[in-house]
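Beneath this line is the structure, given in structure tokens, with notes to follow.
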Amino acid sequence: MKKLYNSKLLVVISLIILSCNKKETQNIEVNVRETNVIEFVDPFIGTGGHGHTYPGATAPFGMVQVSPDNGTSGWDWCSGYHYSDSLTIGFSHLHLSGTGIGDLADIRIMPVNKKVDLSIMPTIKDSIPYASRYSHSKEKATPGYYSVYLEDHNINAELTADTRTAFHRYSFQDEDIQSVILDLGFTINWDKTVGSQINIEDKYTISGYRYSSGWAKNQKVFFVIKFSKSILEYDLYVDKNKAENIKSATGENTFAQLFFNEKTNTQLKVKVGVSSVSIENAKDNISDHKDKFEFDTIKEEAGISWEKTLSKIDIETKRDSLKTIFYTALYHSQIAPVTYSDKNGALRKENDSIIYAKDYTAYSTLSLWDTFRSEHPLLIFLTPDRVSDMINSMLAYYEDKKILPVWTLYANETNTMTGYHSVSVIAEAYLKGIRGFDIEKAYDAMKTTMMQDERGLDFYKEYGYIPYNLLDESVTITLEYAYNDWCVAQMAKTLGKNEDYDYFLKRSKAYTHLFDPETGFMRGKSKNGTEWHEPFDPKYSAHRVHADYTEGNAWQHSWFVPHDVENLIRLYGEETDFITKLEQLFTEDSEITGDNISADISGLIGQYAHGNEPSHHIAYMFNKANAPWKTQYWVSQILKTQYNTTPNGLSGNEDCGQMSAWYIFSSLGIYPMNPASGEYQIGTPIFEKATLKLSDEIRFIIEAENVSENNIYIQSATLNGKTLNRSYITHQEIMQGGTLHFVMGASPNKNWGVNK
């Protein structure tokens, strides 16, 4: 893989000529500005292994994500692309970053240099007549830009994007046929086209739609495509049949091949707009560009936009590999959620109603089970205005369903994963000072959601927990509802709703029903309240069927009590008992048992599974047991072993920024173990200096004196010059700005951060 270290240091040389009746001398002063941070971003990180990222072009939180598709159906191709592949079938305009969901890959375009028979409806990519081989040596990706050489068509393809428009530039060989395939039919993974249309509007414009069903059952994407050259001729196909003498084709699967004049020049430029609402809105979404095809300008603007976005955190370290991991993580953490409302504010809901986002931008791709943990906490620092817009998007969803979203994709509720973690995102945002939404409406949505009867809440309310013999994944769901209840309780307290506070705080103790003191695990319990689920093996995994735990086992899920760690410690007895059990998680052998083991259990250190989100807070729990040096040790081990600069650089699904957000926080030395608490647990910083640019005026600086690969232990700390001898820092302290200074060493200081 070619890495992007074209470190274009900008050197300013001023020549000062001094002459005072003496021999002239030259004094050359050299000022060196650091390389732009986007030079350290490698979008190929995570495209291998189980990372499920894509390398294509998108703007920060952009509506379009134009990226190559390999055409392979398989879990590791959920983003459409996997680094192990070497065949592409084109460039589609909607993609998921790092999820385990195989939807999207809509509106696929492929440049070719030959006439193709599109009457063949291939079922696998190897039979696609317009596919092409490519080599990673002729492939490049930077934030907002992607290029690849298509070997079988002798075409260099380039992609870039702004928020709502994708731009393509194809460079053909002299005298070659210049042609483009538009494919609305071939599908990968579990996405299926259910209806499509292609319209030849004029010599430069085509439009249409693609309706599909997959994880999102009702997905409608309308599009407009404009070309820099006139269309000389075209072929339209509907469900294998060539359509003669028509300018519009409608059917389940439609395809088109367009031919352009190859005599004028060898480049063809393309721009694509999409909309969930209509073709007219797709046109409006690209109206800022009118008839211009300024590829290089858009590419430059995309780079500037990403540079501005990524520069909100400055890090200083002598190791360029750490900069690559950090800034790539910062890049991945600002791809999703994605812009969903059109330029005029319109968006389509799951029930096909069209509404308008007034005074906010609507977002979709809300992977809340993953992102509530550290992705959304990170966005509060990086882009607080978007946080309130994301919450307004959740509240718009609530208006129809009267339930807050679980995992929304193109405005469809997928009901993927457990809990109602939109509750956590709303509570955290309000308690940390975000005010761009109606708090009474939001609180009503939180309370109503947690009081309804869907997804096991009826059992939860009746028994105080969810019995294993009434619902699968009962332990995980109970633990997550308990945390959701705690979040509602904190909001109720803040808003002066004292009865609600008492009610939800009591319910937040639901985890105590499932703690088995004999084994030290959270276990499935029957509805009679006396019998544990037998037989019991804490290493046993069953993926989503007849399981007590979601994508994991008892070792990984028994620690999800982020809101009440002190009481969890008391359930174990003494702090030493808790510490012993917690450390065993990391030192136990890594065997996972069962016949249907979840593929999400990856990135194992002992039984700790960093490749999946339920483990992400666990290493920070030592702090609560007065053993912060153990947090420092294990966080350091995770940072060193679970991230690297290769395509396999993520140990599990990126999951819309969560895997990367964990790295951002942890490498800085802080982590939101309980996001809504307003506290950040202190771990172990790995940079000499990091600066968070919280506003134009306010900076929060984290310094780590003597830090190195071996010096991972905090010896002492000061906050704004005053001694800090606790293992957490508050959100309020950070937002006021200042300097958190650590002195690091190779041996643990067992007195620092201990509550005596």
Side-chain angles (χ1 to χ4, degrees), residues 68-71 73 87-93 105-133 150 152-155 157 168 170 172-173 175-188 191-213 219-263 268 270-272 274 279 282:
D69 298 326
N70 295 130
S73 289
L87 196 74
T88 187
I89 63 169
F91 312 105
S92 59
H93 291 77
D106 291 87
I107 323 301
R108 185 178 300 111
I109 297 175
M110 180 67 170
V112 296
N113 66 349
K114 63 183 179 181
K115 189 176 180 63
V116 176
D117 182 3
L118 295 176
S119 65
I120 302 169
M121 283 286 289
T123 56
I124 59 173
K125 71 171 184 177
D126 292 336
S127 60
I128 293 176
Y130 52 83
S132 176
R133 293 167 297 166
L150 304 175
D152 291 320
H153 303 306
N154 293 320
I155 298 169
H168 305 235
Y170 305 137
F172 295 82
Q173 299 298 308
E175 305 300 324
D176 270 7
I177 292 173
Q178 295 182 21
S179 181
V180 167
I181 305 290
L182 173 61
D183 176 353
L184 302 183
F186 183 79
T187 59
I188 53 179
D191 176 62
K192 183 181 186 300
T193 309
V194 296
S196 61
Q197 183 182 87
I198 300 173
N199 308 306
I200 309 296
E201 292 202 0
D202 56 44
K203 289 184 178 181
Y204 297 94
T205 310
I206 65 174
S207 63
Y209 60 75
R210 179 177 184 262
Y211 300 164
S212 61
S213 180
Q219 187 190 341
K220 290 181 169 68
V221 183
F222 298 85
F223 67 90
V224 61
I225 305 174
K226 288 186 172 289
F227 301 97
S228 63
K229 291 185 176 185
S230 63
I231 302 169
L232 294 181
E233 59 179 293
Y234 60 87
D235 295 328
L236 295 179
Y237 290 81
V238 180
D239 302 329
K240 298 184 182 181
N241 300 311
K242 187 175 181 180
E244 302 288 352
N245 301 317
I246 62 172
K247 289 189 174 183
S248 182
T250 304
E252 183 174 322
N253 300 291
T254 58
F255 302 81
Q257 181 166 18
L258 312 170
F259 298 89
F260 302 87
N261 185 353
E262 70 272 12
K263 303 300 182 183
L268 175 66
V270 186
K271 59 183 176 182
V272 182
V274 299
I279 292 172

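Because only heavy atoms are used, hydrogens play no part in the values below, and waters and symmetry mates are left out as well, while side chains stay in.
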- Nearest heavy-atom pair of Pro111 and Phe91: which atoms, and what distance? CD-CE1, 3.8 Å
- Flag the pair Lys247 and Asp202 as a salt bridge only when some basic side-chain nitrogen lies within less than 4.0 angstrom of an acidic carboxylate oxygen. no
- Can you find a pair of side-chain heavy atoms, one from Asp106 and one from Ser212, that are under 4.5 Å apart? yes
- Would you check if the side chain of Asp183 reaches a backbone N or O of Gly185 as a donor-acceptor pair within less than 3.5 Å? yes
- Message: I'd like to check Lys263 versus Glu175 (side-chain heavy atoms, cut-off strictly below 4.5 Å). Are they in contact?
- Response: yes
- Test side-chain contact (heavy atoms from CB on, under 4.5 Å) on Val180 and Val112 and set out the steps. CA-CA 6 Å; Val180 167; Val112 296; over 6 Å; no
- Message: A side-chain contact here means heavy atoms from C-beta on lying under 4.5 Å apart; do Ile246 and Leu236 qualify?
- Response: yes
- Item | Test side-chain contact (heavy atoms from CB on, under 4.5 Å) applied to Leu184 and Phe223, step by step | CA-CA 11 Å; Leu184 302 183; Phe223 67 90; 3.9 Å; yes
- Could you walk me through whether Tyr209 and Val221 pass the side-chain contact (heavy atoms from CB on, under 4.5 Å) check? CA-CA 6 Å; Tyr209 60 75; Val221 183; over 6 Å; no
- Would Gln178 and Asp176 count as having a side-chain donor-acceptor pair, cut-off 3.5 Å? no
- Query: Salt-bridged, Lys192 to Glu252, with N to O below 4.0 Å?
  - Reply: yes
- Task: Could you tell me whether a side-chain N or O of Ser127 sits under 3.5 Å from a main-chain N or O of Ile124, the two making a donor and an acceptor?
- Result: yes
- Query: Given side chains that start at C-beta, do those of Ile198 and Leu182 come closer than 4.5 Å, heavy atoms only?
  - Reply: yes
- So, Gln219 versus Asp191: side-chain donor-acceptor pair below 3.5 Å or not? no
- Query: Quick check, are the ring centers of Phe227 and Phe260 under 6.0 angstrom apart?
  - Reply: yes
- Query: Going through the checks in order, is the side-chain contact (heavy atoms from CB on, under 4.5 Å) test met by Asp69 and Ser92?
  - Reply: CA-CA 7 Å; Asp69 298 326; Ser92 59; 2.5 Å; yes
- Query: Side chains of Asp152 and Tyr130: donor-acceptor distance under 3.5 Å anywhere?
  - Reply: no
- Query: Can you check whether Thr205 reaches Ile225 side chain to side chain, under 4.5 Å on heavy atoms?
  - Reply: no
- Query: Is Lys220 positioned over the aromatic face of Tyr211, cation under 6.0 angstrom from the ring centre and no more than 45 degrees off axis?
  - Reply: yes
- Hey, does Val274 have a side-chain heavy atom less than 4.5 Å from the side chain of Val224? no
- Less than 4.0 Å between a side-chain N and a carboxylate O, is that true for Lys115 and Asp235? yes
- Item | Plane angle bin for His93 and His168 - parallel if under 30°, tilted between 30 and 60°, otherwise perpendicular | tilted
